[in-house]
Each structure stands twice: as C-alpha cells, then as structure tokens.
Chemist: 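Below is a structure I'd like to ask you about.
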Amino acid sequence: MKRLMILLLVLVLMGPSALAEAVITITDSDGEEVSMQIFESLPEEEEETEQPPADENARTAFIEDIIRLAREKYEEAGGRARRAQYSGDIYVCKNFTVYLFRQNSDKYRMAEYPDVKLVIPDNLPKDQCKEYVYGMEWKPVAASEGNPFYAAAQFRYDPGKTMEENREDARAFLQQAQRGDYFQMAANYYYGIGAHSMIFTEDYDPVTDTVTWCDSNMKGEKRNGIRYGYVQFDANKEIDWFVDAFCRKKYGATIYRLRDDIIYCN
C-alpha cells in the first residue's frame with residue numbers, strides 16, 4: 001500500500017496527461033499481479049475559438065453606405081442650397097449620385113470580376129440619343145469593365161400606343177422601384193426640364209402609391225447667375241407625379257439596380 005501511495009503521488013506531480021493514461025500493477029492477496037487503469041482517459045480539451053460574426057450581406061451594406069452618406073450630406077446642408085453650377089460641383093444632380101457611389105465603392109467588388117474596381121457609368125451622350133431626348137439612360141458599360149448595375153426596368157414612351165396605355169406602362173415601370181435603385185429620367189417636371197438622377201431610399205409603397213428618394217438639385221435657384229441646388233432626403237411623392245413628368249413623347253426613364261453578386265473587396 002505504501003508503494004501504491006508513492007506511485008499515485010508521482011503521477012499527480014506529472015500532471016493530468018499522466019493521470020489520464022496511468023496503469024498500475026499490484027499484487028493481490030493470492031500473490032497474483034493485477035494491472036488496472038486508475039483513471040479513465042480524460043477528454044481532450046477543446047480550444048475556445050471566437051466565432052467570427054456572420055458577414056453582413058455586401059450588396060445590402062453597399063446600399064446602406066450610399067444612403068447613409070446621402071443622409072449625412074442632407075443634414076450637413078441643413079436646408080441651405082449648395083452650389084450646383086460647375087462640372088466639379090457634387091451637388092449637380094448626377095454628380096451627387098455619382099459622388100455617393102464613388103465615396104463607398106472601393107470597399108466592394110463583383111464576385112464575377114473580383115479584381116475589377118467598380119465604376120458608375122456616365123449618361124449616354126447627347127449625340128447618341130437618337131430617338132429619345134438626352135438623360136433617360138446611361139452609357140452601356142459592361143460588368144467586365146466595372147459596372148455593377150443593370151437596367152432592372154425601363155420606360156420609353158411608345159408613339160404606337162395611346163397616352164393612357166403609355167401611362168399604364170409608366171406606372172407599372174415605377175412600381176418596380178426598390179431601396180438602393182438608381183433612377184435616371186428625362187422629364188418635364190414641376191421644377192425643371194431635362195435629365196435628373198436620384199436614388200430610391202425605400203421600395204415602392206403600394207399602400208400609399210408613392211416612391212421615396214434622395215437627390216440634389218431637383219429643387220434649386222440662381223443667385224447672380226450661379227445655380228444652387230437643394231439636397232433632399234426621404235422625399236416622397238405619388239408615382240403619378242413622376243409619370244406626368246416622363247410619360248411624354250421622346251421621354252422616358254430607367255431604373256438601375258446593383259447586381260446580386262456584390263462582395264467585399266479583399
């Protein structure tokens with residue numbers, strides 16, 4: 001028994017790994033040797049590893065980044081008009097939506113073209129707008145060249161249809177609007193005539209029959225010959241307001257949507 005106690009003491013001093021595998025041999029009362037394992041094998045300790053948080057959907061994150069910055073610029077303006085006269089002024093309507101895109105696009109790529117930097121197309125040049133007026137669509141830049149958008153829907157006034165039929169088509173077109181979609185129209189609307197760019201901040205609401213958006217320079221004014229535009233965020237109108245604006249001969253509009261394969265840039 002004394003030898004057994006000494007052996008146990010040695011095994012304890014050797015640590016858990018020795019205890020887990022310890023087998024001793026003792027002599028019973030009949031003088032026979034008996035081997036026994038004094039402890040069952042201890043389970044291997046699992047290392048505690050911190051599970052990484054689930055990745056936020058990159059496409060959704062991109063949209064939220066764009067809309068968040070739009071809100072910031074709106075709050076920064078504080079209801080004051082911003083200069084929207086020159087090509088470098090970010091508060092010109094298309095410049096504003098492009099600015100929101102470019103300020104956030106470096107963090108993202110397309111899964112199909114992970115090494116290509118994202119770009120946003122310019123409007124189709126006036127000399128290429130043959131049958132319709134300038135401003136209803138963008139240049140057809142390929143995804144392989146960095147364009148992460150596709151035309152989710154488009155309305156072109158059809159002279160072969162009645163005005164009522166065209167209006168029905170225009171309404172159905174605008175009812176497809178989703179949060180994060182870019183909207184490009186050639187229109188004659190309350191605040192002006194020509195091209196205008198905006199971003200929808202909510203899905204089309206069938207209950208109120210409205211769309212909600214952010215933009216710059218839809219509303220504006222001139223001071224000493226210089227154009228100043230107002231930033232809008234979560235502006236809201238019934239879709240017929242827009243239908244009245246772009247459902248005209250040679251006019252139209254396009255809804256551009258981010259592809260589904262937006263990923264984070266490695």
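All heavy atoms count here, side chains included; hydrogens, waters and symmetry mates do not.
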Chemist: I'd like to know if the side chain of Gln184 and the backbone of Ser197 have a donor-acceptor N/O pair within less than 3.5 Å.
Modeler: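 Not at all, since once roles are kept as given, no pair shorter than 3.5 Å links the two residues.
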
Chemist: Heavy-atom count check: over 12 atoms from other residues, nucleotides or ligands less than 6.0 Å from Glu76 CD?
Modeler: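 Count over threshold, so yes.
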
Chemist: Specify the closest pair of heavy atoms between Gln232 and Trp213, including all atoms of both residues, with the distance to one decimal.
Modeler: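 Result for this residue pair: NE2-NE1, 3.8 Å.
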
Chemist: Let me check something: any side-chain donor-acceptor pairs from residues 185-193 under 3.5 Å, sequence neighbours excluded? List them with distances.
Modeler:
none

Chemist: Are Phe101 and Pro148 close enough that some pair of their side-chain heavy atoms sits under 4.5 Å apart?
Modeler: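 Touching, per the 4.5 Å side-chain cut-off.
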
Chemist: For residues 204-214, pull every pair meeting salt bridge (charged side-chain N to carboxylate O under 4.0 Å, His left out), keeping only residues two or more places apart or in separate chains.
Modeler: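 Listed once each, the pairs are Arg171-Asp209.
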
Chemist: Once side-chain hydrogen bond (donor to acceptor under 3.5 Å, both in side chains) is applied, what residue pairs with a partner in residues 90-100 remain, sequence neighbours excluded?
Modeler: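 Sorted result for residues 90-100: Lys94-Asn123.
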
Chemist: Among all residues two or more places apart in sequence or in another chain, which pass the side chain to side chain contact (heavy atoms under 4.5 Å, CB included) test with Arg167?
Modeler: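 Only Met163, Glu164, Asp240, Val243, Asp244, Cys247 meet the side chain to side chain contact (heavy atoms under 4.5 Å, CB included) criterion with Arg167.
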
Chemist: Starting from Tyr228 and following side-chain heavy-atom contacts under 4.5 Å between hydrophobic residues (I, L, V, M, F, W, Y), which residues can be reached?
Modeler: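 Via sub-4.5 Å side-chain contacts, Tyr228 links to Tyr86, Ile226.
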
Chemist: How close do Ala77 and Val231 get, heavy atom to heavy atom, and via which atoms?
Modeler: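 Closest heavy-atom pair between Ala77 and Val231: CB-CG2, 4.4 Å.
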
Chemist: Do you know which of Phe173, Trp241, Tyr157 makes ring-ring contact (aromatic ring centres under 6.0 Å, His included) with Phe246?
Modeler: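 So the option named by the test is Phe173.
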
Chemist: Taking Glu112 first and then Arg259, would you say they form a salt bridge - that is, a charged N and a carboxylate O separated by under 4.0 Å?
Modeler: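 Here Glu112 pairs with Arg259 in a salt bridge, since their nearest N and O are under 4.0 Å apart.
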
Chemist: In the hydrophobic cluster built from side-chain contacts under 4.5 Å, what are the other members alongside Tyr132?
Modeler: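 Under the 4.5 Å side-chain rule, Tyr132 groups with Met136.
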
Chemist: Does Phe183 reach the side chain of Leu174, with side-chain heavy atoms less than 4.5 Å apart?
Modeler: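 A side-chain contact under 4.5 Å exists here.
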
Chemist: Can you tell which of Arg71, Arg59, Lys107 makes a salt bridge (charged side-chain N to carboxylate O under 4.0 Å, His left out) with Asp65?
Modeler: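 Looking at Arg71, Arg59, Lys107, the match for Asp65 under the salt bridge (charged side-chain N to carboxylate O under 4.0 Å, His left out) is Lys107.
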
Chemist: Give a yes-or-no answer on whether the side chains of Thr212 and Asp234 include a donor-acceptor pair shorter than 3.5 Å.
Modeler: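 Per modelled atom types, Thr212 and Asp234 side chains form no pair under 3.5 Å.
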
